[in-house]
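Okay, so here's the structure we're looking at.
As a basis for the values below, the full set of heavy atoms in this structure was taken, side chains included, without hydrogen atoms, waters or symmetry mates. Just so it is clear, the structure is predicted and the values come from calculations on it, not from any experiment.
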Amino acid sequence: MEAEVIKAELVLPTHMSFKRIQMYEKYPKGQSKVRWKQLKQILQAEICQNYSPDEPNYVNIESPPSMQPCKRICDITGFEAPYHDPRTNLRYANADVFKLVRSLPNEYVQRYLALRKAAVVLR
């Protein structure tokens, strides 16, 4: 009968999967929780280590340009903009912003386009 008890102990899990694991079981006494490092700490640690110049890290990462098209952002709100106004060439996100775009004076339109580096110089 003892052999059957030993086999049963091997089959049963140590805790029931439907029960929530208590913190004292997850982190026994003396062990601390895992702390996340901030980006500044990661950068300082990598600067201190000697990497070869060809190996990419946070400091010297070089990547090829993206193959995906860039997202079009609304010039007024900063949301994703599926539309653009052909008269002013500003991008907008919805009908409320479109009304605002049409009511803007020409100098404001030129400033918004200059921020996007799409300004047209009118003479």
Side-chain angles (χ1 to χ4, degrees):
M1 183 158 182
E2 290 178 13
E4 293 175 4
V5 172
I6 292 173
K7 288 181 183 176
E9 286 179 12
L10 294 175
V11 174
L12 294 176
T14 56
H15 69 279
M16 301 297 177
S17 61
F18 60 87
K19 286 189 171 183
R20 180 177 284 176
I21 298 175
Q22 298 295 322
M23 290 301 286
Y24 64 85
E25 293 174 358
K26 192 172 183 181
Y27 300 106
K29 201 170 192 178
Q31 287 185 350
S32 63
K33 295 180 183 177
V34 177
R35 295 222 168 217
W36 293 96
K37 289 186 178 180
Q38 297 178 357
L39 180 62
K40 190 173 182 180
Q41 293 172 332
I42 294 172
L43 291 175
Q44 287 178 344
E46 285 192 353
I47 289 172
C48 293
Q49 295 176 352
N50 294 327
Y51 286 117
S52 66
D54 299 333
E55 189 175 342
N57 57 29
Y58 283 107
V59 178
N60 68 352
I61 190 159
E62 293 181 14
S63 63
S66 176
M67 299 302 289
Q68 297 179 348
C70 61
K71 286 188 176 181
R72 297 184 178 176
I73 306 296
C74 176
D75 292 317
I76 308 297
T77 61
F79 295 127
E80 196 166 342
Y83 317 108
H84 84 280
D85 181 20
R87 185 186 299 170
T88 60
N89 206 16
L90 288 176
R91 297 177 182 150
Y92 60 94
N94 55 30
D96 296 332
V97 178
F98 177 69
K99 291 176 187 174
L100 178 72
V101 165
R102 284 294 173 106
S103 67
L104 288 175
N106 193 23
E107 65 181 69
Y108 287 176
V109 170
Q110 292 301 319
R111 288 182 187 174
Y112 277 118
L113 290 172
L115 285 174
R116 193 171 33 129
K117 297 181 182 175
V120 176
V121 178
L122 299 175
R123 296 181 186 188

Taking [atom1] in [X] as the centre, count heavy atoms belonging to other residues, nucleotides or ligands within less than 6.0 Å. Is the count above 12?
X	atom1	answer
Gln38	CD	no
Phe98	CZ	yes
Arg102	CZ	yes

What about Phe79 and Tyr83, same hydrophobic cluster or not, with Ile/Leu/Val/Met/Phe/Trp/Tyr joined at side-chain heavy-atom distances under 4.5 Å?
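Phe79 does not cluster with Tyr83.
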What pair of heavy atoms forms the shortest contact from Ala93 to Pro82, and how long is it?
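It is O-CD, 4.1 Å.
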What heavy-atom pair brings Ala81 and Ile73 nearest, and what distance separates the two atoms?
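Distance-wise, the nearest heavy atoms are CB-C, 3.7 Å.
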If you measure from [atom1] on [X] to [atom2] on [Y], what distance do you get to the nearest 0.5 Å?
X	Y	atom1	atom2	answer
Tyr92	Ile76	OH	CD1	12.0 Å
Tyr112	Thr88	OH	OG1	11.5 Å
Asn94	Leu100	CG	CG	10.5 Å

Testing Arg116, Arg111, Arg91 one by one against Asp75 for a side-chain hydrogen bond (donor to acceptor under 3.5 Å, both in side chains), which residue passes?
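The option that passes is Arg116.
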